[in-house]
Amino acid sequence: MPAKSKNTVPHQLSASTMPDMSNRQIIMGFWHNWAEGEWSGSGYQQGSFKNMSLLDIPEHYNVVAVAFMKVAAGSTDPIPTFKPYNETDEEFRRQIGVLNAQGRAVLISLGGADAHIELSNADEDALVERIIYLTDTYGFDGLDIDLEQAAIIAKDNQTVIPAALKRVKSLYREQGKNFIVSMAPEFPYLRTGNSYVPYITSLEGDYDFIAPQFYNQGADGVWVDGLGNLKQNDDTVKEDFLYYLTESIVTGTRGYIKIPHEKFVIGLPSNNDGAANGYASNPQDVIKALERLKAAELPIKGLMTWSINWDAGKT
C-alpha cells in the first residue's frame, strides 16, 4: 500500500460551500495571523493594532484575507504554508464557517511584505497539494496573491503560481464551487511590461478581482494631460489621483494594463497607522472618486482597506 500523503485530511474536513461573491460589491480587509508587537511593532503613527479573532471582524468586511501563507521560519521546505497563531485548526475552521454562514468569504493570502517565496516549476504539484490541503483543512474560500518586492519575480514564481491556481480553481469548479482568486499588487507593478503582468495575463478568465495597493508609493502617481503628475502622497489631489489612476487601469490607458472595472477594487488603508503613506485623510475624496467612476460607467467592485487589525486598533 502506498504511503499516506502527509497532506491528507479526513473526509469531514472537506471544503465548505464557498460564498458566491461574483455579483456583489465588496469591502476586503486583511486579518493578522500574529500578535500585536510580534512582527512590525507599532504603527507608522505609533499606534497599535488590536489582537482579534475572526469572529471580532465587523460584518461590513465581507471578504477577509488571512495574512499570510508563507514559508515557515527555519524550514527547508520551499512550499509556503499556514497555521493559526492563536487557535486550534478545528476552532479556526469553525470561525471561518461562521463567517461563511453570514455570506462572507475568507481567503488565504500568499506572501506579505516580509515573505521570501521562491518556487521552481518542479514545485507546481506540491503547491497545488498544499493549497488544497489548507483549503480543505480550514475551509478557505480562495487565495489572494500578495507577493511583494523580490518575491514577485523570484525563480519561477511568475509561472508556477498561476499554473497551480488554475488547477486548484478547476478542481473546485468541478465540485460546483468557486475558489476565489484575487491579487493585491502595488500599483506601479501594473504598468505595461512590469512584474505583476504575467500573473494577471496567465490568470485571465480565472481571477475574480484585483485590489491594487494605492499606498506606500510616495511621490509615484499617474500623469494626466492638463493636470500633470498626480502623486499618491499628495492629499491636495487625492480625489483626482484615485479617479484617474483607477480610470487608467480599468481602461488600459496611460501606460497601464487593463483590468475590467467590474473586477477592480481600490486598495486604501483605512487607518493611518497601517501604511507609511497613501491614507485618504478626507473620506469625501474617496466617495467623490467612486461617484465619478460610476458616472463614467466604470463602477468598480469595491474597496480593500489593508489591515482589519489596525482599523480596530489604537491611534
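Note that this is a predicted model, so its numbers are computed, not measured.
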Engineer: Between T201 (side chain only) and V197 (backbone N and O only), is there a donor and an acceptor less than 3.5 Å apart?
Structural biologist: yes
Engineer: What closest approach, in Å, do A151 and L147 show between heavy atoms, and which atom pair accounts for it?
Structural biologist: O-CD1, 3.9 Å
Engineer: Under a 4.5 Å cut-off applied to non-hydrogen side-chain atoms, are M18 and F179 in contact?
Structural biologist: yes
Engineer: Are the side chains of K83 and D89 in contact, using a 4.5 Å heavy-atom criterion?
Structural biologist: yes
Engineer: Taking salt bridge (charged side-chain N to carboxylate O under 4.0 Å, His left out) as the definition, give me every residue that meets it alongside D20, ordered by chain and number, with sequence neighbours left out.
Structural biologist: none
Engineer: Taking only residues at least two apart or on different chains, which pairs with a member in residues 283-293 satisfy salt bridge (Lys or Arg N to Asp or Glu O under 4.0 Å)?
Structural biologist: E239-R292, D240-R292
Engineer: Partners of Q102 by side chain to side chain donor-acceptor pair (under 3.5 Å), sequence neighbours excluded?
Structural biologist: R104
Engineer: Would you say that more than 12 heavy atoms from the other residues, nucleotides or ligands in this model lie under 6.0 Å from the CD1 of I153, or not?
Structural biologist: no
Engineer: With sequence neighbours excluded, give me every salt bridge (Lys or Arg N to Asp or Glu O under 4.0 Å) pair touching residues 141-158.
Structural biologist: none
Engineer: Any sub-3.5 Å donor-acceptor pair from E118's side-chain atoms to P78's backbone N or O?
Structural biologist: no
Engineer: Tell me whether T192 contacts the main-chain N or O of G255 through its side chain, where contact means a donor paired with an acceptor under 3.5 Å.
Structural biologist: yes
Engineer: Considering only residues two or more places apart or on different chains, which pairs with a residue in residues 196-220 satisfy salt bridge (Lys or Arg N to Asp or Glu O under 4.0 Å)?
Structural biologist: K166-D206, K169-D208, R173-D206, R191-D220
Engineer: Is any side-chain heavy atom of Q95 closer than 4.5 Å to one of V98?
Structural biologist: no
Engineer: In Å and rounded to the nearest 0.5 Å, what is the CD1 to OH distance from I210 to Y199?
Structural biologist: 12.5 Å
Engineer: Are the aromatic ring centres of F92 and F82 under 6.0 angstrom apart?
Structural biologist: yes
Engineer: Would you say that L110 contacts P80 through its side chain, given a criterion of any heavy-atom pair below 4.5 Å between the two side chains?
Structural biologist: yes
Engineer: Under the side-chain hydrogen bond (donor to acceptor under 3.5 Å, both in side chains) criterion, do N277 and Q232 qualify, and how do the steps go?
Structural biologist: CA-CA 8 Å; N277 49 68; Q232 176 251 250; 2.9 Å; yes
Engineer: What pairs with A122 under side-chain contact (heavy atoms from CB on, under 4.5 Å), at least two apart in sequence or on another chain?
Structural biologist: S120
Engineer: Has the side chain of N62 got a donor or acceptor atom that lies under 3.5 Å from a matching backbone atom of Q25?
Structural biologist: yes
Engineer: Indicate yes or no: at least one non-hydrogen side-chain atom of F264 is less than 4.5 angstrom from one of L298.
Structural biologist: no
Engineer: Determine whether R130 and T81 satisfy the following criterion, side-chain contact (heavy atoms from CB on, under 4.5 Å), listing intermediate values before the conclusion.
Structural biologist: CA-CA 7 Å; R130 183 63 54 80; T81 191; 3.4 Å; yes
Engineer: Could you list the residues that satisfy side-chain contact (heavy atoms from CB on, under 4.5 Å) with S248, not counting sequence neighbours?
Structural biologist: V222, T253, R254, Y256
Engineer: So, do Y196 and I145 sit near enough that their side-chain heavy atoms are less than 4.5 Å apart?
Structural biologist: yes
Engineer: So F30 and F68, would you call those rings parallel, tilted or perpendicular, with 30° and 60° as cut-offs?
Structural biologist: tilted
Engineer: Answer yes or no: is there a side-chain heavy-atom contact under 4.5 Å between I79 and L119?
Structural biologist: yes
Engineer: Could you report the tightest heavy-atom contact between G274 and W310, atom names first, then the distance?
Structural biologist: CA-CE3, 3.7 Å
Engineer: Taking C-beta and beyond as the side chain, do F214 and T246 meet within less than 4.5 Å on heavy atoms?
Structural biologist: yes
Engineer: Hey, is D311 close enough to K50 for a salt bridge, meaning N to O under 4.0 Å?
Structural biologist: no
Engineer: Just how far is it from atom CG of N100 to atom CZ of R93, taken to the nearest 0.5 Å?
Structural biologist: 9.0 Å
Engineer: Could you measure the distance from the CG atom of L227 to the OH atom of Y244? Nearest 0.5 Å is fine.
Structural biologist: 5.0 Å
Engineer: Rounded at 0.5 Å granularity, tell me how far CD1 in I259 sits from CG in L190.
Structural biologist: 5.0 Å
Engineer: Take atom NZ of K263 as the centre, draw a 6.0 Å sphere, and report whether it contains more than 12 heavy atoms from other residues, nucleotides or ligands.
Structural biologist: yes
Engineer: Applying side chain to side chain donor-acceptor pair (under 3.5 Å), name anything that partners K258, two or more places apart in sequence or on another chain.
Structural biologist: none
Engineer: Hey, could you give me the CD1/OG distance between I26 and S182, rounded to the nearest 0.5 Å?
Structural biologist: 7.5 Å
Engineer: Holding to side chain to side chain donor-acceptor pair (under 3.5 Å), I want the full list of residues that pass it with Y215, two or more places apart in sequence or in another chain.
Structural biologist: none
Engineer: Excluding sequence neighbours, so at least two apart, what forms side-chain contact (heavy atoms from CB on, under 4.5 Å) with T76?
Structural biologist: none
Engineer: Taking the side chain from W31 and the backbone from M52, do they hold a donor-acceptor pair closer than 3.5 Å?
Structural biologist: yes
Engineer: Can you tell which of E129, E174, E124 makes a salt bridge (charged side-chain N to carboxylate O under 4.0 Å, His left out) with R167?
Structural biologist: E124
Engineer: Please test V63 against M304 for side-chain contact (heavy atoms from CB on, under 4.5 Å), starting from the C-alpha separation and ending with a verdict.
Structural biologist: CA-CA 9 Å; V63 175; M304 179 272 280; over 6 Å; no
Engineer: Which residues pass the side-chain contact (heavy atoms from CB on, under 4.5 Å) test with Y44, sequence neighbours left out?
Structural biologist: A276
Engineer: According to side chain to side chain donor-acceptor pair (under 3.5 Å), who are the partners of T236, at least two apart in sequence or on a separate chain?
Structural biologist: D234
Engineer: Do the side chains of D273 and K314 get close enough for a salt bridge, i.e. N-O under 4.0 angstrom?
Structural biologist: no
Engineer: So with a 6.0 Å cut-off around CG of N121, is the heavy-atom count from everything else above 12?
Structural biologist: yes
